[in-house]
2 protein chains.
Amino acid sequence: MDIKQDLARLNALGYRVTRQRRLVLEVIRANPCLQNVDDIFTQCRGRDESISYPTIYRTLDMLVEAGMARRTHFQGKNWYEGVMSSHHHHFVCTECGATVALAVCPLDFLKEDLRAAQFEVHEHQFELLGICKDCQSNQPKGGVLL
Amino acid sequence: MDIKQDLARLNALGYRVTRQRRLVLEVIRANPCLQNVDDIFTQCRGRDESISYPTIYRTLDMLVEAGMARRTHFQGKNWYEGVMSSHHHHFVCTECGATVALAVCPLDFLKEDLRAAQFEVHEHQFELLGICKDCQSNQPKGGVLL
DNA sequence: TTGGGTGCAAAACCTTTGCACTGAA
DNA sequence: TTCAGTGCAAAGGTTTTGCACCCAA
């Protein structure tokens, strides 16, 4: 669960451990929420003036490949989160951007049906979009839930 | 459930009924599967040489607004389907593009939790991506399931 | 040393917008 | 007649690619 462990695992998988890769990994692990590429880029840029968008994209692809990040797609953008906990999905507030992890994965309810139908599921995405409790009361908050 | 009924309803909602709108409606209703904008455009273009992408996009937006189409987003694209049956989600084969409707919506399993957490859900997306039975046996098929 | 990784610039892709013209009501 | 709707062209936003240079192993 430590960053150093992940870096060692990257190395073991044949990836080189670079300053940029460590940085992206740190950024997505520092936040329990889904973050889009812009957010990740901005945070990385704040700590490394020279890091570029292509590197962010390539690094995130690699982290997904290596099983250290998860990707989902909504609102026309890719969103990423570090793999720090067990698999889960999110409720995303379209007002303040807060994300809250959901307790269950719908796939759990469908496993039998899929096996029966002989589907081979490689990916699934499930996101809920709406307004969180705080934004409903028209008191926009700055912080992040969860 | 008839196209003419939908056109009349569009009219009643204050939308003008144009050749292009009828065409888009016919195309998404002619296919029970999710279709991306490219597919819809190509089919429309085959029957109306002058129809344009902006019109397709604007019409699909309008149909979603009017409750006659549903939109979902995956693989970096918008996907649409006509509203001909009750709400449902899909399994999409990444090999042949076939889509199969799923019997249940995960939201049904979460209603209580969401109410308890006071989430106000406006949208949700749930798609399964993988390989369908036919493609698993390495015999690519041209047709469309469901 | 060396080839995998990076930054830059540009392209690719999907979607939206501005504007003058058209046609449904 | 009139203004919502259309087509065209162009722009916008996100993601990918090509290539020369750099640096982790």
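The sequence lines fix the lettering, A, B, ..., with proteins before strands; numbering per chain opens at 1. Fair warning: this is a prediction, and the values are worked out from it, not measured in the lab.
- Following rounding to the nearest Å, B:Ile51 (CD1) and C:dT22 (C1') show an atom-to-atom distance of 15 Å.
- The nearest whole Å value for the distance from the CZ atom in B:Arg58 to the P atom in C:dT17 is 10 Å.
- Taken residue by residue, residues 43-50 of chain B places no heavy atom nearer than 4.0 Å to DNA chain C.
- A heavy-atom distance below 4.0 Å to DNA chain D is reached by these residues of residues 7-17 of chain B, ordered by number: B:Tyr15, B:Arg16.
- Among the heavy atoms of the strands lying under 4.0 Å from A:Arg21 are primed sugar atoms or P, OP1, OP2 only; no base atom is included.
- Side-chain contact between A:Leu10 and A:Met62 is present, with at least one heavy-atom pair separated by less than 4.5 Å.
- By the salt bridge (Lys or Arg N to Asp or Glu O under 4.0 Å) test, A:Glu65 is found to be paired with no residue, residues two or more places apart in sequence or in another chain being considered.
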| With the sugar-phosphate defined as primed atoms, P, OP1 and OP2, and the base as all remaining atoms, what B/S/- string results for nucleotides 9-14 of chain C, 5' to 3', for protein heavy atoms under 4.0 Å? | B----S
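- Nucleotides of DNA chain D that come within less than 4.0 Å of any heavy atom of chain A span, from the 5' end to the 3' end, D:dT14 to D:dA25.
- Atom-to-atom, CG of A:Leu23 to C1' of C:dG5 comes out at 15 Å; the value is rounded to the nearest Å.
- Using a 3.5 Å distance cut-off with no hydrogens or angles, the side chains of A:Glu81 and A:His90 do pair a donor with an acceptor.
- Under the rule for a side-chain hydrogen bond (donor to acceptor under 3.5 Å, both in side chains), the partners of B:Arg71 that lie at least two apart in sequence or sit in another chain are B:Asp61, B:Tyr80.
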